[in-house]
Q: 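The structure is given below, and queries will be raised subsequently.
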Amino acid sequence: MIKKPITIHLSTGLEARPVAQLVQVASQFNSEIYVEIGKKKVNAKSIMGMMTLGLDAGEEITLSANGDDEEAAMSSIEQYLSNQ
């Protein structure tokens, strides 16, 4: 299991389209992937769960991945959140 703090660098934060794209990235992997902020923890593969977080640019989340492709999953999601 990998757990890592990541700052969101998407200019619009995680609105509908960026959330959908993040869910698509996460869904490519077999690992369990979760996003945590404060006391909330949601499955990164759940579009409805991700929408409930209402994340903005500059906020820090904790991303966790657990599974056989956890390192690739973590890397891809971190790249997505950093390069938009």
Side-chain angles (χ1 to χ4, degrees):
M1 173 141 152
I2 302 173
K3 203 169 197 175
K4 184 176 185 178
I6 296 174
T7 301
I8 298 170
H9 293 288
L10 301 173
S11 60
T12 60
L14 285 178
E15 295 176 348
R17 184 170 297 169
V19 165
Q21 291 172 331
L22 174 61
V23 169
Q24 285 181 339
V25 171
S27 294
Q28 296 174 18
F29 300 97
N30 294 324
S31 294
E32 293 180 358
I33 305 166
Y34 290 93
V35 173
E36 297 176 58
I37 185 162
K39 294 184 178 187
K40 289 185 179 180
K41 179 179 181 178
V42 299
N43 185 334
K45 297 178 185 180
S46 166
I47 194 160
M48 294 307 292
M50 290 299 298
M51 291 297 292
T52 66
L53 295 179
L55 300 172
D56 293 319
E59 284 193 89
E60 186 173 277
I61 61 168
T62 300
L63 184 65
S64 61
N66 185 24
D68 59 339
D69 54 1
E70 62 191 27
E71 290 183 23
M74 185 75 73
S75 176
S76 292
I77 294 171
E78 184 175 14
Q79 182 177 11
Y80 173 73
L81 292 174
S82 299
N83 289 340
Q84 297 292 317

Q: Can you list the residues that meet the side-chain contact (heavy atoms from CB on, under 4.5 Å) rule with Ser27, with sequence neighbours excluded?
A: Val23, Lys45
Q: Quick check for you: to the nearest 0.5 Å, what is the distance between Ile47 atom CD1 and Gln21 atom CD?
A: 10.0 Å
Q: Taking side chain to side chain donor-acceptor pair (under 3.5 Å) as the definition, give me every residue that meets it alongside Ser31, ordered by chain and number, with sequence neighbours left out.
A: Asp69
Q: The criterion is side-chain contact (heavy atoms from CB on, under 4.5 Å); which residues satisfy it with Glu36, sequence neighbours excluded?
A: Lys3, Lys41, Thr62, Ser64
Q: Side chains of Tyr34 and Val42: closer than 4.5 Å at any heavy-atom pair?
A: no
Q: Taking atom CE of Met74 and atom CG of Asn66, what is their separation to the nearest 0.5 Å?
A: 10.0 Å
Q: Report the residues that fulfil side-chain contact (heavy atoms from CB on, under 4.5 Å) with Lys40, sequence neighbours left out, ordered by chain and then residue number.
A: Leu53
Q: Do the side chains of Met1 and Ile61 join up, straight or via other hydrophobic residues, at under 4.5 Å, putting them in one cluster?
A: no
Q: Tell me, please, which residues at least two apart from Ser76 pass side-chain contact (heavy atoms from CB on, under 4.5 Å).
A: Val25, Phe29
Q: Does Glu78 reach the main-chain N or O of Ser75 with its side chain, forming a donor-acceptor pair under 3.5 Å?
A: no
Q: Report the residues that fulfil side chain to side chain donor-acceptor pair (under 3.5 Å) with Gln24, sequence neighbours left out, ordered by chain and then residue number.
A: none
Q: Do other residues, nucleotides or ligands put more than 12 heavy atoms under 6.0 Å from the CD atom of Glu59?
A: yes
Q: What is the minimum heavy-atom distance between Ala44 and Ala26, and which atoms define it?
A: O-CB, 3.7 Å
Q: Give me the one residue out of Leu63, Ile6, Ile77 that meets side chain to side chain contact (heavy atoms under 4.5 Å, CB included) with Val35.
A: Leu63
Q: Of all the heavy-atom pairs spanning Gly58 and Thr7, show the shortest one and how long it is.
A: O-CG2, 3.6 Å
